[in-house]
Amino acid sequence: MTRRVLIVGGVAGGASAAARLRRLDESVEIVLFDRGPHVSFANCGLPYHVGGVIPDEGKLLLASRELFRDRFNIDVRTEHEVVSIDRTAQTLRVRDLRAGTETDEHWDSLVLSPGAAPLRPPLPGVDLPGVFVVRTIPDTRRIRTWLTDRPRAEAVVVGGGFIGLEMAENLVHRGLAVTLLEKLPQVMPPVDPEMAATVAAHLREKGLKLHLGEGLAGIEARGDRLVVRTETGAELETDLVILALGVRPETRLAKEAGLAIGARGGIVVDAQLRTSDPRILAVGDAVEAHDVVSGQDIVLPMAGPANRQGRMAAETLAGRAPSFRGVQGTAIVGVLGITVATTGASEKALHRAGRGRFHVVYLHPGHHAGYYPGAKPVHLKLIFDDGGKILGAQAVGFEGVDKRIDVIATVLALGGTVHDLASAELCYAPQFGAAKDPVNVAGMMAVNVLRGDMPLAEWSEVHAPGHALVDVREPDEFERGHIDGAINLPLSQMRRRIAELPTDTPLWLYCAAGQRAYFAQRLLLQRGFDARNLSGGWATYTALRAAAG
């Protein structure tokens, strides 16, 4: 008797599971149900379709029902909603949304890939005409229609995460004046505040209005326009509102079927993607995944993990023994010319998790050799523990951000250390990088910290008593701006003026970006001084100060 595998939900997880299972097993019957009109589409491309960067909606359609039928012999039924699971009878109750009829479908194995739903907070006005979320192709159609049925001049985007920033950029491409409203005091909540501050400054330079630290209180119609009210009492009049407040796992089916739900609200699965009922697997945005850095289970609604989980679920169904390693939160977004990327844990996430001692280094190198025209800075933050294990990294810049974080993410995934970053052999030509790539330099700095060659000072204590601040930049640099209370003793003069430095207190050193302070530190340590480095120098200090408001 032919084994029957039913899959609930397409897009990344479900569609990947279906196609991979067919490649592994030609004999099984595969039926995929999706309540939407499309089985596989690029939801990461939706904001760019709104903005006209991807003008053809068809480019977002990755695979059709016909392709699944003709290429893989998979029965795809779109606009069919699964309304319940009967585990005892091993059936699904399925509603045909076009015909309005319901049928029971038998399964031998079941894969749940229901995805996640965009958050609509229970606030006044969130369902008014002109208020949108961005999750599906029909969502983008509604937004594009709203923008073209009559002139629109202003938009408010609520939420400063990935989708919020991408929508802000694409609405700017459409010629709208955009205001970004974010409840937290920073954009890009997954990264640390000082890294996000650089992004915020760039967005303001590009004309975005940022309301940070202001949550949404409600929306009301006023004539033919909308008014967004914030928790601080501000009123923002606009023509369009995008709610980009994140998503929640779609777990209703799993809950009603009695499957285990985790503390984070996602479906609990094991390393083979089995739920608490081993006949039922689950993948994608609705499941909880193991964070390989924090050791905690989290919900991570991203296409990459969903695709990999779909593939591994198919291998489980085919009798193999895959093991999903977990996630580390590698992500990237580009907005109005600037790029921010992250992998692993942020510093604030480690503090929240009660993680013990760890170290942080900052660097601000060019994305390629400085002598080659066009070098642009990459602001890089590396977090690691006493054993050299990489805990996380973040980068912000205009060029070369993606490849630096990708390299660090790969080393992290393979269990590598900062020593591996220091010794990594990476591509070098002057227009692409440097003989010591920023990844190498980050690793070398971390190794110096671990070996005691570069003891660090804590930026959080920079204004506390008990140490002397020494700015080792040249006098003209010092005059253009410096940390209050610092004395200026340039590295170029340090050897002949070393007697001017106090010997009875720690010396906290900084320069423009960190290198000269390190050179001065090595000199002073070998002369018996207690010299500590404020990693990243003045560039990091200004970012920290901006983040603190």
Side-chain angles (χ1 to χ4, degrees), residues 1-34 39-40 62-63 68 71-77 82 85-92 105-116 249-251 253-255 257-262 264 266-292 297-328 413:
M1 184 174 178
T2 302
R3 183 164 65 114
R4 197 166 198 244
V5 176
L6 303 187
I7 300 174
V8 182
V11 196
S16 294
R20 177 63 175 167
L21 180 57
R22 173 58 74 225
R23 294 195 295 272
L24 296 176
D25 190 342
E26 184 62 26
S27 68
V28 68
E29 180 186 358
I30 305 171
V31 185
L32 188 154
F33 302 97
D34 197 290
V39 61
S40 181
L62 304 179
F68 273 95
R71 185 175 293 179
F72 297 113
N73 189 28
I74 293 171
D75 181 3
V76 170
R77 304 181 193 178
V82 176
I85 302 169
D86 187 329
R87 289 166 56 194
T88 302
Q90 290 186 218
T91 59
L92 298 180
E105 300 282 347
H106 173 76
W107 51 268
D108 297 298
S109 297
L110 179 62
V111 179
L112 301 180
S113 180
E250 289 268 28
T251 57
L253 282 173
K255 286 178 180 177
L259 300 179
I261 304 297
R264 302 291 183 181
I267 303 169
V268 174
V269 294
D270 63 13
Q272 287 72 49
L273 286 312
R274 299 187 187 93
T275 68
S276 53
D277 184 332
R279 302 167 301 174
I280 303 176
L281 285 70
V283 300
D285 296 354
V287 309
E288 292 192 358
H290 182 71
D291 186 318
V292 298
D297 290 330
I298 64 170
V299 174
L300 189 69
M302 296 177 66
N307 272 286
R308 294 194 297 276
Q309 288 169 347
R311 179 182 177 89
M312 289 194 172
E315 299 212 352
T316 298
L317 291 170
R320 299 185 177 186
S323 181
F324 185 69
R325 63 174 288 271
V327 296
Q328 62 192 60

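All values reported here derive from a predicted model rather than from experimental measurement. Just so you know, residue 1 is the first one in the sequence shown, and it goes up from there.
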For the residue pair [X] and [Y], what are the closest heavy atoms and their distance?
X: G262; Y: V268; value: N-CG2, 3.3 Å
X: G14; Y: L32; value: O-CD1, 3.7 Å
X: V283; Y: V287; value: N-CG1, 3.5 Å
X: S109; Y: L317; value: CB-CD2, 3.6 Å
X: S276; Y: P278; value: O-CD, 3.7 Å
X: G10; Y: D34; value: N-OD2, 2.9 Å

Between R4 and E29, does the salt bridge (Lys or Arg N to Asp or Glu O under 4.0 Å) criterion hold? Intermediate values first, please. CA-CA 5 Å; R4 197 166 198 244; E29 180 186 358; 3.2 Å; yes

Any donor and acceptor pair, going by atom type alone, linking the side chain of E288 with main-chain N or O of D297 inside 3.5 Å? no

Applying the side-chain contact (heavy atoms from CB on, under 4.5 Å) criterion to L259, which one of L253, D277, V269 satisfies it? D277

Quick one: do F33 and I7 satisfy side chain to side chain contact (heavy atoms under 4.5 Å, CB included)? Show the steps, please. CA-CA 6 Å; F33 302 97; I7 300 174; over 6 Å; no

Reported [atom1]-to-[atom2] distance for the pair [X] and [Y], which is rounded to 0.5 angstrom:
X: I280; Y: R87; atom1: CD1; atom2: CZ; value: 5.5 Å
X: H106; Y: T91; atom1: NE2; atom2: OG1; value: 9.0 Å
X: K255; Y: E250; atom1: NZ; atom2: CD; value: 10.5 Å
X: L110; Y: L92; atom1: CG; atom2: CG; value: 5.5 Å
X: Q328; Y: R325; atom1: CD; atom2: CZ; value: 5.0 Å
X: I261; Y: T251; atom1: CD1; atom2: OG1; value: 5.0 Å

Please determine whether side chain to side chain contact (heavy atoms under 4.5 Å, CB included) holds for the pair V5 and L21, giving the CA-CA distance in whole Å, both sets of side-chain angles, and the decisive distance to 0.1 Å. CA-CA 9 Å; V5 176; L21 180 57; 4.0 Å; yes

Worked verdict on Q272 versus F324 for side chain to side chain contact (heavy atoms under 4.5 Å, CB included): CA-CA 6 Å; Q272 287 72 49; F324 185 69; over 6 Å; no

Measuring only between side-chain heavy atoms, which start at C-beta, is [X] closer than 4.5 Å to [Y]?
X: L112; Y: L281; result: no
X: R22; Y: I30; result: yes
X: H290; Y: I298; result: no
X: T316; Y: R320; result: no
X: E315; Y: R20; result: yes

Check the pair Q90, E105 against side chain to side chain contact (heavy atoms under 4.5 Å, CB included), reporting the backbone distance first and the verdict last. CA-CA 8 Å; Q90 290 186 218; E105 300 282 347; over 6 Å; no

Between D108 and R279, does at least one N-O distance fall below 4.0 Å, as a salt bridge requires? no

For D75, side-chain hydrogen bond (donor to acceptor under 3.5 Å, both in side chains) partners two or more places apart: R77

